[in-house]
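These numbers come from a predicted model, not from an experiment. Just so we're on the same page: letters track the sequence lines, and every chain starts at 1.
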Amino acid sequence: MLDLKLVRDKQEEVEAALARRNGGFSVTELIEVDVALRKVQGDWERLNQRTNEITELFKSGKLPAAEMSALREETKSVKQTRETLEASKAELEERLSKIRLSIPNIPDPSVPDGTDETCNTQVSQWGTVPAIANPKHHYELGSNLNVFDFTRGVKLAESRFTVLMEMGAKIERALMNFMLDSHSRRGYHEVFPPILVNRQCMMGTGQLPKFEGDFYKCADDELYLVPTAEVPVTNLYRDEVLEEQDLPVYHCAYTPNFRREAGSAGKDTRGYIRQHQFNKVELVKFCLPEHSNEEHEKLTRDAELILEALELPYRRVILCAGDLGFSAQKCYDLEVWFPAQDKYREISSCSNFGDFQARRANLRYRPADGGKPRYLHTLNGSGLAIGRTLAAILENYQQPDGSVRMPDALAPYLNGVTLLTPSQPK
RNA sequence: GGAGAGGUGUCAGAGUGGUCGAUUGUGCAGUCCUGGAAAGACUGUCUGCGUCAAAAGCGCAGCGAGGGUUCGAAUCCCUCCCUCUCCGCCA
């Protein structure tokens with residue numbers, strides 16, 4: 001949610017910044033409604049003032065009977081006018097909040113121009129792409145190694161659900177623990193939040209109201225399956241005021257994630273890359289506004305360290321303004337190398353939201369000097385998407401005979417298993 | 001799921017329908033006192049919106065949420081939500 005005062009004072013700058021996104025957002029209607037609302041509110045407040053005056057007169061004690069009934073009459077008419085005003089006030093407020101909730105965040109000045117993902121630019125690159133002759137896809141390798149059972153996943157749910165079998169299940173669990181342990185060592189406090197969250201949470205981080213159809217929702221309860229741990233973890237401190245000295249706050253969390261939209265693109269119809277349900281370890285930060293850029297770099301670095309520990313080649317790209325997510329003001333994607341696809345694929349997305357989510361979720365901190373509460377800044381990033389990590393390991397660590405080595409970093413988590421071979425018993 | 005209790009300011013906890021943004025205690029900040037601290041004394045200490053260049057000031061709103069009664073509601077009535085306790089059912 002944008003700062004209304006900023007929009008009022010710097011309409012043209014805001015509009016120009018929003019124009020860098022796709023979709024042509026305008027704030028003219030917002031301004032109109034805001035002006036109208038403030039006028040109605042002023043009128044309404046003056047009526048309240050009069051009502052309060054009349055109440056005072058009654059309180060003072062003995063009023064002549066004639067005056068009392070005159071005042072009663074006046075209150076009646078004031079009440080009528082007020083009801084009319086209240087109706088339009090409510091309508092304007094509704095419109096205003098609807099508009100505000102549907103306008104995305106302003107791209108940071110350091111975000112490059114561009115219309116879509118083809119305009120994203122590489123910032124850095126790590127590792128060397130392995131030389132593999134005729135690399136197999138992760139889903140071929142994984143099926144042969146009894147890591148994935150795609151067919152039964154569909155039987156149990158529907159397409160884009162997969163059963164992890166045997167070592168598949170174990171590696172997934174190992175990755176989860178490895179990631180959480182690594183981040184914990186770097187100061188991220190681990191939490192394990194509810195997987196179902198209420199509507200307010202989804203509004204707070206910006207998933208709703210705009211993308212209603214993208215999520216799984218309970219039929220009989222106002223609850224949603226989380227599309228990312230970002231939602232519950234960012235909402236941990238919703239409607240709270242943190243102390244400045246407690247900032248920054250770092251959290252890491254594992255959750256499964258559920259996304260309906262995952263199938264709509266028609267991409268990655270095979271394999272384990274794009275599922276309706278997938279596991280992820282998420283990093284979330286709350287910090288002072290003046291530190292969020294620096295914290296963003298550090299957070300992205302913390303996600304990269306997981307890829308480096310697993311020795312997976314990757315690159316960092318900065319998203320152009322047109323590809324930026326709704327709530328983000330700046331975002332780096334980490335893309336891991338997939339040999340069989342012969343390209344880098346997204347495995348982490350690290351965003352700085354500025355105060356956009358903080359306004360929606362009412363996340364504030366009390367300055368150390370005791371001043372008024374201010375909105376803090378929120379950030380998050382995948383650290384990492386576990387399923388894609390598993391897929392990337394299969395492809396990058398594959399051997400010519402169809403077996404797959406395991407990354408050294410996972411050794412403590414795999415009970416000594418260092419190699420997956422097709423002959424492995426079921 | 002059944003029965004009961006309750007939702008007020010950092011917390012605890014008052015509040016005959018008007019004098020309540022709200023007693024008091026506690027916490028916090030400042031001043032005094034002290035060699036220093038504790039204790040004690042005093043003062044201050046909620047948030048949002050509007051007005052204003054800004055601050056002060058002023059106005060409006062807020063006692064879980066939403067309605068109703070009334071000249072006037074934290075206080076009365078209705079609906080909803082949430083929390084707690086006991087029972088049941090379970091992991």
Side-chain angles (χ1 to χ4, degrees), chain A residues 1-11 13 30-101 192-204 217-218 220-224 232 235-247 249 256 355 358-376:
Chain A
M1 200 152 63
L2 299 183
D3 181 359
L4 205 47
K5 285 188 181 128
L6 179 78
V7 178
R8 268 178 216 153
D9 297 344
K10 308 227 162 119
Q11 180 178 354
E13 284 94 322
L30 179 66
I31 300 273
E32 278 169 24
V33 175
D34 176 50
V35 169
L37 175 60
R38 274 187 295 158
K39 185 189 175 305
V40 169
Q41 187 162 324
D43 294 345
W44 177 76
E45 284 181 5
R46 272 185 288 281
L47 289 183
N48 283 337
Q49 194 170 357
R50 180 58 189 153
T51 309
N52 290 340
E53 283 164 13
I54 293 173
T55 301
E56 283 301 312
L57 292 176
F58 270 89
K59 250 167 42 179
S60 66
K62 320 244 185 306
L63 280 176
E67 196 169 335
M68 263 171 63
S69 65
L71 287 175
R72 283 209 177 91
E73 283 309 308
E74 185 183 346
T75 313
K76 250 174 221 166
S77 76
V78 163
K79 202 177 210 173
Q80 275 189 346
T81 321
R82 188 171 48 200
E83 269 167 22
T84 324
L85 283 177
E86 267 169 8
S88 56
K89 181 166 165 276
E91 197 237 335
L92 288 168
E93 277 168 348
E94 167 93 30
R95 272 177 70 195
L96 186 77
S97 107
K98 219 170 177 176
I99 296 168
R100 286 188 82 191
L101 289 171
F192 191 30
I195 309 305
L196 286 169
V197 295
N198 57 36
R199 203 178 157 78
Q200 263 182 298
C201 287
M202 297 286 276
M203 299 278 268
K217 188 188 168 192
C218 296
D220 297 330
D221 302 278
E222 194 69 24
L223 292 171
Y224 296 80
N235 277 279
L236 268 181
Y237 307 111
R238 171 153 50 83
D239 295 320
E240 291 187 32
V241 181
L242 305 182
E243 297 299 330
E244 173 171 345
Q245 52 266 32
D246 295 334
L247 297 176
V249 173
D355 64 9
R359 283 177 193 284
R360 292 181 155 239
N362 193 24
L363 296 162
R364 297 179 296 173
Y365 73 95
R366 168 96 49 196
D369 65 12
K372 292 227 180 260
R374 295 171 62 200
Y375 291 111
L376 44 73

Report the base-pairing partner of [N] (Watson-Crick or G-U wobble, both distances below 3.5 angstrom), or none.
N	answer
A41(B)	U31(B)
G17(B)	none
U79(B)	A65(B)
C52(B)	none
C84(B)	G4(B)
G36(B)	none
U24(B)	A12(B)

Rounding to the closest angstrom, what is the interatomic distance between [N] and [M] at atom [atom1]?
N	M	atom1	result
A74(B)	C46(B)	C1'	16 Å
U8(B)	G66(B)	P	16 Å
G25(B)	G13(B)	C1'	8 Å
A5(B)	G64(B)	C1'	16 Å
C58(B)	A65(B)	C1'	30 Å
U23(B)	A12(B)	C1'	14 Å
U24(B)	C82(B)	P	36 Å
A3(B)	G15(B)	C1'	29 Å

Side chain of [X]: nearest nucleotide among [options]?
X	options	answer
K372(A)	A61(B), G72(B), U47(B)	U47(B)
F58(A)	G72(B), U47(B), C71(B)	C71(B)
N52(A)	U47(B), A61(B), G72(B)	A61(B)
K5(A)	G50(B), U70(B), C71(B)	G50(B)
R366(A)	U47(B), C60(B), G50(B)	U47(B)
Q41(A)	A61(B), C49(B), G72(B)	C49(B)

Euclidean distance, atom [atom1] of residue [X] to atom [atom2] of [N] [Å, nearest integer]:
X	N	atom1	atom2	answer
K76(A)	U69(B)	NZ	P	12 Å
D239(A)	C81(B)	CG	P	20 Å
L85(A)	A61(B)	CG	C1'	15 Å
L92(A)	G50(B)	CG	P	15 Å
R82(A)	U70(B)	CZ	C1'	12 Å
E86(A)	C49(B)	CD	P	20 Å
L4(A)	C49(B)	CG	P	9 Å
D43(A)	G50(B)	CG	P	15 Å

Within the side chain of [X], is there an N or O that forms a donor-acceptor pair under 3.5 Å with the backbone of [Y]?
X	Y	value
N362(A)	R238(A)	no
N48(A)	T51(A)	no
R364(A)	V241(A)	no
E244(A)	P367(A)	no

Could you tell me whether the side chain of E45(A) has a donor or acceptor atom within less than 3.5 Å of a complementary atom in the base of G59(B)?
-> yes
May I ask you to decide whether K89(A) forms a salt bridge with E86(A), counting only side-chain N to carboxylate O separations under 4.0 Å?
->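 E86(A) and K89(A): not salt-bridged.
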Does a salt bridge link K5(A) with D9(A), judged by any charged N lying under 4.0 Å from a carboxylate O?
-> no
Considering heavy-atom distances to RNA chain B, does R50(A) or R38(A) have its closest nucleotide positioned more toward the 5' end?
-> R38(A)
Starting from the 5' end of RNA chain B, give me the residue, Q49(A) or G42(A), whose nearest nucleotide shows up first.
-> G42(A)
Which is true for R359(A) with a 4.0 Å heavy-atom rule: it touches a base, it touches only sugar-phosphate, or it touches nothing?
-> nothing
Is the phosphate of A61(B), meaning OP1 or OP2, less than 4.0 Å from a side-chain N or O of R46(A)?
->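 False: R46(A) side-chain N/O out of range (4.0 Å or more) of A61(B) OP1/OP2.
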Stepwise side-chain contact (heavy atoms from CB on, under 4.5 Å) check, V7(A) with L30(A) | CA-CA 9 Å; V7(A) 178; L30(A) 179 66; 3.7 Å; yes
State, with a plain yes or no, whether a side-chain heavy atom of R72(A) is found less than 4.5 Å away from one of F58(A).
-> yes
